[in-house]
Amino acid sequence: MQLPDVNEKWTHRINTVTIGATKEQGGTRGKTITVGGQTTLPSLTFEGATPNKPVIAGYVADTPPDWPDTLKNAIGKEINSPAEWARKCVETFGVDMINLSLIGADPSGKNSTPAECARVVESVLKAVDVPLIIRGCNDEEKDNLVLLECSQASRGENCLIGSAKEKNYRTVVAICKADKHKIIAEAPVDINIGKQVNILLQDSGFDLNDVVMFQTTAALGYGLDYVYTILERARTTGIKGDKLMAMPQLCDVGGETWRVKEAVADEDVLPGWGSLQKRGPMWEAACAAAYLQAGADILIMAHPAAIATIKMLIQRLS
Amino acid sequence: MAALTGMQIYKNLPRSNCKECGFPTCMAFAMQVAAKQKALGDCPRITDDAKNSLADASSPPMKLVTIGPEGKQFTFGQETVMFRHEERFHHATGVAVRIRGALTEMQVDELVAAINRADFMRAGEKLAVALCAVEVDGYADPAGRVQRIAQNCRVPLILMGDNPETLCATAQAIPGQRPLLCKATPANVEFLAKLAAGAKCALAIGAGTLEELADATQKAKANCVDDLVLAFSDKNTSETIRQLTIARRAAIKKNFRALGYPALVEVNADSPEAETVLAATFAAKYAGIVVINGHEPWELLPVLTTIQSIYTNPQVPNAVEAKLYAIGSVTENSPVIVTTNFSLTYFSVAGEVERSKIPCYISVVNTEGLGVLNSYAGDKISPEKVLKTLQEQKVAEHVKHRKLIIPGLLPIFKGELEDISEWKEVIIGPESASKIPAFLNSVWK
Ligand code: SF4
């Protein structure tokens, strides 16, 4: 029996963004990472192209995050040194790139100085040759200072730096323009603000081809439905021709998962919910799997077992 | 259910304007039927063919299928959209745990017990294994095993096998249980369709291509089974997603009846971890049932929670009950935090309070499920409303102090609240929930 023609006529392409720079390109990376370029939804190659696979960025922080022991032990003692942690992510966990979160800069925490943060960036760049994502501590004033120094310290490396937000984008834009980095456009689980940030970036003369969207990530069971739908809507609007939504998308799965109780609390707190040892990484991996279907291009992930599972899944999906 | 238009009905009438129905023209009669004021049968001249084609056109594009006996049923199908934001996904994917043929009887009993145990309360909803998928090939006395499982298991059964005779024998061993027979192939679909029709069971059909599958469902339908399920065995995940997508688009967008049935996906993976993420993947992309081996809570919970999220109705704001929540062992000195009843806000705040290890009261204002900024913009939260909520929840009786932590996004409430209430020290909280632990640890000393 002949099937009806069900192909969608998507008309546009998601922007292609390349992160990292090799020696020839003025950096020191051994390889670059390219995401985006799709003209259809994940897997639907009968009606369009999905030229670049989603990638995994290993979560690394300048200071050990407030994570459960199951995760810290799985990473190992290297968690105490950003450079060693990054090296282990690349060499042992097999990630495609590194996400460096400078959470130690938080004024209500360790309050490290911008200069200290820049030295961490340098040490990570030296330890690994994969492309780098650099993010601040989520304190806007401090991040403006921290990202400035980190951007200079990684000049020429074509990093992905974030975040530009609706209320705080000018400094990050100026930094990324000056040092030729790519930028993360962040919005708080709100597709309209997501678009608004992109408009602001465009209006300030930033090339939207150098932007990766970050709609904020929700952990599995904590608003995944909202974020899933925002990613999916953004992607479908993008391939339908809305140039303001045609960016690759980033999800911080590792950063969000390891604060929710399903990934943190063992059976003494959640009787009958199974061993935390297994449940935690599964919580992270299932969350990442869902976002892959919604149109995530870069997944920031933390647990080596979750990373291994999602690497397998990306393989099976390509 | 797709409503018929007057025009669709008119085209199927004799168009003779004979007036026997009591209306001056066929068109006038058709309009009455469309408005559900008259039934098609009120036209004495209508042909059976016309009736059937109209019945087809008025039925939903994807069949609703029920498995299991009264009181122990799983229902799925009748999906209407490709993306949840277009409307919603209606019938949550059922997780079916496979009972492999190679298991010993004792292992089978243990697994059935594990399936019976596998239900969890999460965010106010019960999440559970929906079906038990029993392999019927490759061991002695499958009929006996199936009987025992049907008796002991709290969920309906899928009989999984490639040999039509065994499927037949096992289905007949549990009369009235209405298992899903899984699965027929184009070669044996007629034989199994007759069996399914006789036993009033639903039938799953698998085929090499969607074209062959469409042919096979029509053959089953010709043999009086319309409770059909499209069966996919996942070997190449991208290809399976393509087939699931094409089948669903054909049904929903093109009203292509031959594929207008819900889908079952047998997940094939070489590790429990791989199986779990594949099941989550198919929960997002169009499986009505996923068949897996895993039955441990750490495998099931992430999948069940993914299904819960994907099938949440996006058109209804997700709200928690507006009341005073106590997180941890609160005392009369514990902080009081005000927030909205948008569940995402509430769960983020509650989660971060738990993380801070500082017991707190959370006073939830009924903002009709809107978050902080939206409820402020929509006039669902105001200093007066916060005060009224505090009074209704008798918060002042729970704590000795009169300090109140308000959302960081509503700093302008501070002055007015301090003016109009007994809460004389209003503290502006952080803008983002993730900052709550640091905030509490520095502010609440
Ligand atoms: S009875 Fe039937 S054929 Fe005659 S006018 Fe009415 S609808 Fe038309």
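So you know, we letter chains A, B, ... as the sequences are listed, proteins then strands, and number each from 1.
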Under 4.5 Å from any heavy atom of chain B - which part of A:Asp5:
backbone

Please report the interatomic distance NZ(A:Lys261) to CZ(B:Phe347), rounded to the nearest 0.5 Å.
7.5 Å

Heavy-atom closest pair (B:Val277 atom, A:Ala289 atom, distance to 0.1 Å) is O-CB, 3.8 Å

Taking side chain as everything from C-beta outward and backbone as N, CA, C, O, which of these in B:Glu431 sits under 4.5 Å from a heavy atom of chain A? Side chain, backbone, both or neither.
neither

For the pair A:Arg279 and B:Glu299, find out whether any cationic side-chain nitrogen is under 4.0 Å from an anionic carboxylate oxygen.
no

Counting heavy-atom pairs under 4.5 angstrom with chain A, the leader among B:Leu210, B:Thr209, B:Leu259 is B:Leu210

Between A:Glu8 and B:Lys253, is the closest basic N to carboxylate O distance under 4.0 Å?
yes

Taking all non-hydrogen atoms of both residues into account, name the closest pair between B:Ser434 and A:Asn138 and its distance.
OG-ND2, 4.3 Å

Check each atom of A:Ile310 against the heavy atoms of chain B and say whether the ones under 4.5 Å are side chain, backbone, both or neither.
side chain

Contact between B:Glu211 and A:Met1 at the side-chain level, heavy atoms closer than 4.5 Å - yes or no?
no

Which portion of A:Met282 sits near chain B, non-hydrogen atoms under 4.5 angstrom
both

When B:Ser271, B:Ala258, B:Pro297, B:Ala274 are compared by non-hydrogen pairs under 4.5 Å with chain A, the top option
B:Pro297

Between A:Lys278 and B:Trp298, which heavy-atom pair has the shortest distance, and what is it?
CB-CD2, 3.3 Å

Starting at CG of B:Leu301, measure out to CH2 of A:Trp283 and round the result to the nearest 0.5 Å.
5.5 Å

Examine whether an atom of B:Phe342 lies under 4.5 Å from a heavy atom of chain A, and if so say whether it belongs to the side chain, the backbone or both; otherwise answer neither.
side chain

May I ask you to name which of A:Leu317, A:Leu220, A:Leu44 has the most heavy-atom pairs under 4.5 Å with chain B?
A:Leu220

Residue B:Glu296 versus chain A: region with a heavy atom under 4.5 Å
neither

Counting heavy-atom pairs under 4.5 Å with chain B, which one of A:Ser108, A:Pro42, A:Gly272, A:Ala288 comes out on top?
A:Gly272

For chain B, find which of A:Ala219, A:Ala286, A:Ser275 contributes the most heavy-atom pairs closer than 4.5 angstrom.
A:Ala286

Option that, when pairs with chain A are counted at under 4.5 Å, heavy atom only, ranks first among B:Leu213, B:Leu278, B:Asn236
B:Leu278

Side chain / backbone / both / neither for B:Ser348 at chain A, heavy atoms under 4.5 Å
neither

Side-chain contact, heavy-atom cut-off 4.5 Å: A:Trp273 with B:Arg122?
yes

Toward chain A, the part of B:Glu354 with a non-hydrogen atom under 4.5 Å
side chain

Does any backbone or side-chain atom of B:Thr305 lie under 4.5 Å from a heavy atom of chain A? Answer side chain, backbone, both or neither.
both

Locate the shortest heavy-atom distance separating B:Lys435 from A:Asp106; write the atom from each residue and the value.
NZ-OD2, 3.7 Å

Most contact-rich option vs chain A, by heavy-atom pairs under 4.5 angstrom, among B:Asn374, B:Asp234, B:Ile246, is B:Ile246

Is B:Met82 close to chain A through its backbone or its side chain, or both, or neither, when contacts mean heavy atoms under 4.5 Å?
neither

Separation of B:Ile310 CD1 from A:Gln293 CD (nearest 0.5 Å)
9.0 Å

For chain B, which of A:Ala285, A:Pro4, A:Gly223, A:Ala294 has the most heavy-atom pairs under 4.5 Å?
A:Pro4

Whatever's closer than 4.5 Å to a heavy atom in chain B on A:Glu47 counts as side chain

A:Thr236, part contacting chain B, at a heavy-atom distance under 4.5 Å:
side chain

Could you tell me which portion of A:Tyr222 (side chain, backbone, both or neither) has an atom closer than 4.5 angstrom to a non-hydrogen atom of chain B?
both

Select one option (side chain, backbone, both, neither) describing which atoms of B:Glu352 are under 4.5 Å from chain A's heavy atoms.
side chain

Of the listed residues (B:Gly371, B:Ala250, B:Ala118), which shares the most heavy-atom pairs with chain A below a 4.5 Å separation?
B:Ala250

At their closest point, which heavy atom of B:Arg249 faces which heavy atom of A:Asn7, and how far apart are they?
NH1-CA, 4.0 Å

Which residue out of B:Gln308, B:Lys254, B:Arg355 racks up the most heavy-atom pairs below 4.5 Å with chain A?
B:Arg355

Is a side-chain donor-acceptor pair under 3.5 Å present for B:Arg84 with A:Thr229?
yes

Is atom OH of A:Tyr169 surrounded by more than 12 heavy atoms (other residues, nucleotides or ligands) closer than 6.0 Å?
yes

Contact winner vs chain B - A:Thr45, A:Asp190, A:Val260, A:Leu3, heavy-atom pairs under 4.5 Å
A:Leu3

Crowding at CD, B:Gln315 (>12 non-hydrogen neighbours, <6.0 Å)
yes

Assert top hit (heavy-atom pairs under 4.5 Å, partner chain B, pool A:Cys287, A:Ala305, A:Gly221) equals A:Gly221

Got a second to check how far B:Glu273's CD is from A:Leu313's CG, nearest 0.5 Å?
13.0 Å

Shortest non-hydrogen contact between B:Ser309 and A:Asp225, atoms and distance:
O-CB, 3.2 Å

What part of A:Ala290 gets closer than 4.5 Å to chain B, counting heavy atoms only: side chain, backbone, both or neither?
side chain

Would you say B:Phe83 and A:Leu41 make side-chain contact, with heavy atoms under 4.5 Å?
yes

Can you say whether B:Ala214 sits under 4.5 Å from chain A via the side chain, the backbone, both, or neither, judging by heavy atoms?
both

